[in-house]
**Q** 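Got a structure here, written out as structure tokens. Questions coming.
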2 protein chains.
Amino acid sequence: MNETTSNPAPPLSDEDTATYTRWFKALADPMRIRLLNLLAVERRAMAVGEIVEHLPIGQSTVSHHLKVLAEVRFVLPEPRGTSTRYAVNERCLERFPAAVRAIMGLEAGRA
Amino acid sequence: MNETTSNPAPPLSDEDTATYTRWFKALADPMRIRLLNLLAVERRAMAVGEIVEHLPIGQSTVSHHLKVLAEVRFVLPEPRGTSTRYAVNERCLERFPAAVRAIMGLEAGRA
DNA sequence: CTCATTCATCGATAATCGACGATAGTCGAT
DNA sequence: ATCGACTATCGTCGATTATCGATGAATGAG
């Protein structure tokens with residue numbers, strides 16, 4: 001539908017608001033942005049120990065950040081024996097800009 | 001340049017990381033998302049007192065949230081005598097998706 | 001000038017969060 | 001079964017933050 005005209009665009013539902021809040025919270029930290037960017041630039045699944053070597057924080061903290069990013073599906077874990085590799089979820093690219101546009105009242109339903 | 005191919009996309013600079021962190025922090029709160037969505041849906045500058053009537057929080061808290069959103073230029077203040085109206089900054093629509101794509105290593109310089 | 005209105009700022013409080021170190025759990029190899 | 005390597009969880013601490021109520025500052029009306 002054409003929602004770009006002067007329609008009375010509907011406000012966000014409480015559910016969508018909560019969802020978008022979780023997404024933004026997940027990226028509202030410099031280390032998580034660097035982490036996600038690292039995985040994106042390397043373009044491959046990386047083990048936790050490998051990621052730790054690229055960031056100025058400890059292993060437990062990296063594991064925590066990966067958990068946060070995984071909870072919103074920005075990264076996907078790949079258990080590999082005793083190790084666990086993490087990779088970027090390419091799909092978060094599509095949903096994220098759509099969320100911004102929904103907040104701005106430029107899209108009604110899902111997009 | 002064509003950075004959409006399989007180039008070794010450069011990592012984010014510390015400066016860009018800090019900038020994007022501030023943007024995401026600004027939206028990492030349900031009330032600020034509702035606030036921004038309210039201004040976007042209404043499609044007009046609104047006085048603080050008017051905004052307060054639409055949200056379940058006090059006037060001082062609304063004023064605080066508006067300050068946070070204004071610091072990253074997501075809203076723009078319009079002093080009007082004793083009142084102050086706030087309006088959405090349409091430009092944040094353009095920059096935001098570009099930031100996400102930069103984190104994902106899909107864009108090199110500015111976009 | 002005085003007063004009422006409107007918004008911003010201040011101080012306090014409780015909750016959330018990022019960081020660490022230590023510990024526990026899991027798996028493969030020996 | 002034991003050991004070693006790797007990751008997840010736990011407890012804690014300090015910093016940040018969302019919220020409130022009260023106060024302060026600026027403006028327009030009378």
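Here is the naming used below: chain letters follow the sequence lines, and residue numbers restart at 1 for every chain.
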**Q** For the side chain of B:Val48, counting heavy atoms from C-beta on, which of C:dA8, D:dT19, D:dA8 is nearest?
**A**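 Of the candidates, C:dA8 comes closest.
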
**Q** Would you kindly give the CG-to-P distance between A:Leu69 and C:dG18, to the nearest whole Å?
**A**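 Nearest whole value for this atom pair: 10 Å.
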
**Q** Picking from C:dC20, D:dT19, C:dC7, which would you name as closest to the side chain of B:His65?
**A** D:dT19

**Q** Within the side chain of A:Asn89, is there an N or O that forms a donor-acceptor pair under 3.5 Å with the backbone of A:Arg73?
**A**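 Checked: pair present.
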
**Q** Among C:dC27, C:dA8, D:dT7, which nucleotide sits nearest the side chain of B:Ser63?
**A** C:dA8

**Q** Relative to the ring of A:Phe24, is the ring of B:Phe96 parallel (under 30°), tilted (30 to 60°) or perpendicular (over 60°)?
**A** perpendicular

**Q** Please give, in whole Å, the distance from D:dT7 C1' to A:Leu66 CG?
**A** 10 Å

**Q** Closer than 3.5 angstrom, by distance alone: can the side chain of B:Ser63 be matched with the main-chain N or O of B:Gln59 as a donor-acceptor pair?
**A** no

**Q** Give one of base, sugar-phosphate or nothing for B:Thr61, where a contact means two heavy atoms less than 4.0 Å apart.
**A**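 It contacts base atoms.
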
**Q** Among D:dA8, D:dT7, D:dT19, which nucleotide has an atom closest to any side-chain atom of B:His64?
**A**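 Comparing D:dA8, D:dT7, D:dT19 against the side chain of B:His64, the answer is D:dT19.
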
**Q** Quiz question: going by heavy-atom distance under 3.5 Å, is there a donor-acceptor pair between the base of C:dG21 and the side chain of A:Ser60?
**A**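 Check passes, donor-acceptor contact within cut-off.
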
**Q** Between A:Thr82 and A:Val68, which has a closest nucleotide on DNA chain C that is more 5'?
**A**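 With A:Thr82 and A:Val68 compared, the 5'-side residue is A:Val68.
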
**Q** Answer with yes or no whether the hydrophobic clustering places B:Val72 together with B:Val68; edges join I, L, V, M, F, W, Y residues whose side-chain heavy atoms lie under 4.5 Å apart.
**A**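 No, separate clusters.
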
**Q** Check whether any side-chain nitrogen or oxygen of B:Thr84 sits under 4.0 Å from OP1 or OP2 of C:dC7, and answer yes or no.
**A** no

**Q** Closest to the B:Arg32 side chain: C:dA8, D:dA18, D:dT7?
**A**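 Of all the options, the side chain of B:Arg32 is nearest to D:dA18.
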
**Q** Can you tell me how far C1' of C:dG18 sits from NZ of A:Lys67, to the nearest Å?
**A** 14 Å

**Q** Rounded to the nearest angstrom, tell me the gap between atom CD in A:Gln59 and atom P in C:dA24.
**A**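 About 15 Å, once rounded to whole Å.
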
**Q** Send over the distance from B:Ile51 CD1 to C:dA8 C1', rounded to a whole Å.
**A** 14 Å

**Q** To the nearest Å, give me how far apart CD1 (B:Ile57) and P (D:dG21) are.
**A** 12 Å

**Q** So does B:Glu42 pair up with B:Arg44, basic N to acidic O under 4.0 Å?
**A** yes

**Q** Take the protein atom CZ of A:Arg85 and the nucleotide atom P of D:dT7, then report the distance between them rounded to whole Å.
**A**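 From A:Arg85 CZ to D:dT7 P: 9 Å.
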
**Q** Starting from P on D:dC6, measure out to OH on A:Tyr86 and report it in whole angstrom.
**A**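 After rounding, the gap between these two atoms is 16 Å.
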
